[in-house]
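Structure first, then comments.
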Amino acid sequence: MTDHIASDVRVRTVPPGGGRRSRAGFWLVAAVYTVVMLGGTLPIPLYVFWAPQMGFGPFTTTLVFAVYALGTVLALMVFASLSDRVGRRPLLAAAVLAAATSTALFLLAHDVGTLLAARFLCGLSTGVFTATGTAALGELAGAERTRLASTVSTAANMGGLGLGTIVAGLFAQYEANPTHLVFWVYLASLVPAFLAVVVTPETVTSRQRPAMSVRRPAFPDRRPARTEFLRVATAVLAAFAVSGLFSSLVPSFLREQLHVHNVAAVGAEVGLLFIVALIAQVAAPERWTSGRWPTPAFLVAGVAVFEAGLLARSLPVFAAGTLLAGTGIGLAFRRGVATTQRLADPRRRADLLSTYFLFAYTGTIVPTLALGLLDQTINQDVATLILAVAVIATTLASALSRPATTVA
C-alpha cells in the first residue's frame, strides 16, 4: 500500500454561512469532541486509589499513561486518516464506541493488565476523534470560518481534558465509590454522544473501501510550508511533554512534595493547566500567536516557575507556574492547529492533522516514561529538573529555527 492512500478522495466543504443542518452538525461534533477528550483524563486523579489496590508505584503510573499515549499515536498512524476514504462519521462513531468499551474496562479493572487495556482503548478513541473531529469541524464550518473551526477544535480538546480531571476529582473526594460511579455517569453520557454523531452531516462525498496501512507522517509538499509546519509541530511536542507530566506524575508530586491530600484539589490543580490553555486559545490576542516569541515565552516561563515551586515545596509558586505553562500550551496548540488547517491539502486534511497530533502525543510518551524511569533511580527533584531543561531547550529550538519566507 502507498502511504498517502487518501490522495484521490475529494471532500465537500460547507459553503460560507453553511446550511442549518451543517451548523447544527458543527456544534454537535464540538460537543462530542469535548466529551471524548474528557474521558481521556478521567483516570488521572484515581491512580491514588488504584495504586494501593493493585500494588504499583510511580513507574507503573507513567507506563499506564504512556500506553494511553501509545494508543493515541497508533490511532493517528493507522486509523485516523481512514476518514479521508470512508468518511468522517463512521470514524467518529467508532471512536465513541471505543470510548465506551474503555469505560467498561475501567469499571471492571482489578489488576494492572485491565487498567492498561482500558487506557490503550481510551488512547485509540481520543486519537481517532482528535484528527477526524478536527477535520470534520473545519469542513462543517466552511472555508470562510476557518478561525472559528480551529478555535472550537482546540477549545474542545483542551476544555475536555481539563474538565475530566476536575470531574473525576470531585467524584473521588465526595462520593463513596470513587473508581466506579464517575465511569457509570460517563458511560451514560456516551449514549447521546453516539446519537449526535449519527445525525451529523457527512462531509466526504466520494468514499472508497477502507484500506489499512501503517502510514508515514504526511508533510506539506512545498519546502516553505514544510518548514512552517515543522516549527509548530515541534512547539506542540514540547508543550505536550508538559501536559504529559501533569497527566501522570503531578498528582503524586502534589501529595508527596506539596502535601495536597484532597483529591478534588489535586484534580483541580491538574485541570487548571488545561482550563488555562483553553482560555488562552479563546481569549488571547491574535498577535500572541502570530508573533515568534509570546508562545514560547509563556511555556518556558511556566516550566521554570512550576519547577521552582516543586524544588521550593511551594504550592503558590507551583500554581503560578501552572498558569503560565497552561497559557503557553494553549497558544502553541491554537497556533499549530490553525497553521495545519491552513497548510493542509483539502483532499488529505485528516492526514496532515494526524501528523500534527502525532507530534503532540509523541511528546507525551518519551519524556513521561523517561521521568518514570529516572524517578526510580535518582532523586525526584533531579528527574523533574532534567525534564524541565529538555522542554525549555526544545521550545527555544523551535522558536529560533529559521522561519519560512513564503508559503504556497
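Computation of the quantities below employed the complete heavy-atom set of this structure, encompassing side-chain atoms and omitting hydrogens, waters and symmetry-equivalent molecules. Residues take their numbers from the sequence shown, with the count starting at 1.
- The minimum heavy-atom distance linking Leu170 with Ala264 is given by the pair CD2-CB, 4.0 Å.
- In this structure, the side chains of Val35 and Tyr186 come closer than 4.5 Å at one or more pairs of heavy atoms.
- Annotation for Tyr33 and Ser153: closest pair CE1-O, 3.7 Å, computed over non-hydrogen atoms.
- Ser243 places a side-chain N or O within 3.5 Å of a backbone atom of Phe240 that can act as its donor or acceptor partner.
- For the pair Thr132 (side chain) and Phe129 (backbone), a donor-acceptor distance under 3.5 Å is absent.
- Between the side chain of Gln281 and the backbone N or O of Arg334, no donor-acceptor pair lies under 3.5 Å.
- Looking at every heavy atom in both residues, Val260 comes nearest to Ala265 through CG1-CB, 3.9 Å.
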Practice task
Could you please spell out the steps behind the side chain to side chain contact (heavy atoms under 4.5 Å, CB included) verdict for Leu107 and Trp184?
Solution key: CA-CA 8 Å; Leu107 288 167; Trp184 281 116; 3.6 Å; yes
Handout entry: Check against side chain to side chain contact (heavy atoms under 4.5 Å, CB included), Phe359 and Val232
Key = CA-CA 10 Å; Phe359 271 84; Val232 298; over 6 Å; no
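- At least one donor-acceptor pair closer than 3.5 Å links the side chain of Ser398 to the backbone N or O of Arg231.
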Practice task
Begin with the C-alpha distance, continue with both residues' side-chain angles, and end with the deciding distance and a verdict on side chain to side chain contact (heavy atoms under 4.5 Å, CB included) for Leu343 and Tyr356.
Solution key: CA-CA 11 Å; Leu343 297 176; Tyr356 174 74; over 6 Å; no
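- Between Ala172 and Val263, the closest heavy-atom pair is CB-CG1, 3.6 Å.
- When all heavy atoms are compared, the tightest approach of Val270 to Pro251 is CG2-CG, 4.1 Å.
- Here the straight-line distance linking atom CZ of Phe183 with atom CG of Asn177 works out to 11.0 Å at 0.5 Å rounding.
- The distance from the CZ atom of Phe246 to the CG atom of Leu272 is 8.0 Å, given to the nearest 0.5 Å.
- The main-chain N or O of Leu249 is found under 3.5 Å from a side-chain atom of Ser252 such that the two form a donor-acceptor pair.
- Residues Leu369 and Phe59 form a side-chain contact, since some pair of their non-hydrogen atoms from C-beta on lies under 4.5 Å apart.
- Side-chain N or O atoms of Ser102 include none that pairs as donor or acceptor with a backbone N or O of Ala98 at under 3.5 Å.
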Please list every donor-acceptor pair under 3.5 Å in which a side-chain atom of residues 40-55 meets a protein atom from a residue at least two apart or in another chain.
{"unit_1": "Thr41", "atom_1": "OG1", "unit_2": "Leu38", "atom_2": "O", "d": "3.4"}
{"unit_1": "Thr41", "atom_1": "OG1", "unit_2": "Leu161", "atom_2": "O", "d": "2.6"}
{"unit_1": "Tyr47", "atom_1": "OH", "unit_2": "Arg119", "atom_2": "NE", "d": "3.4"}

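- At distances below 3.5 Å, at least one donor-acceptor pair connects side-chain atoms of Thr61 with backbone N or O atoms of Gly57.
- For the atom pair Thr322 OG1 and Ile275 CD1, the distance stands at 13.0 Å (nearest 0.5 Å).
- When side chains are defined from C-beta on, Tyr68 does not count as touching Ser248, because their heavy atoms never get closer than 4.5 Å.
- Heavy-atom minimum distance, Glu269 versus Leu254: CG-CD1, 3.7 Å.
- Side-chain contact between Leu63 and Phe56 is absent, with no heavy-atom pair separated by less than 4.5 Å.
- Val242 places a side-chain heavy atom less than 4.5 Å from the side chain of Val303.
- Separation of atoms CZ (Arg313) and CG (Leu310) is listed at 7.5 Å; rounding is to 0.5 Å.
- For the atom pair Thr34 OG1 and Met158 CE, the distance stands at 12.5 Å (nearest 0.5 Å).
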Exercise for the section: Verify side chain to side chain contact (heavy atoms under 4.5 Å, CB included) between Leu331 and Thr327, making sure each step is shown before the conclusion. Expected result: CA-CA 6 Å; Leu331 294 177; Thr327 302; 4.0 Å; yes
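- Considering CG of Leu400 and OG1 of Thr395, their distance stands at 10.5 Å, rounded to 0.5 Å.
- Formation of a donor-acceptor pair under 3.5 Å by the Thr134 side chain with backbone atoms of Ala131 is not found in this model.
- Within the 4.5 Å cutoff, no side-chain heavy atoms of Thr384 are placed close to those of Leu374.
- When side chains are defined from C-beta on, Thr60 does not count as touching Leu115, because their heavy atoms never get closer than 4.5 Å.
- Leu148 has its side chain within reach of Phe26: a pair of non-hydrogen atoms, C-beta onward, lies under 4.5 Å apart.
- Proximity of a side-chain donor or acceptor of Thr339 to a complementary backbone N or O of Arg335 within less than 3.5 Å is detected.
- When atom types are taken as modelled, the side chain of Ser125 and the backbone of Leu121 share no donor-acceptor pair closer than 3.5 angstrom.
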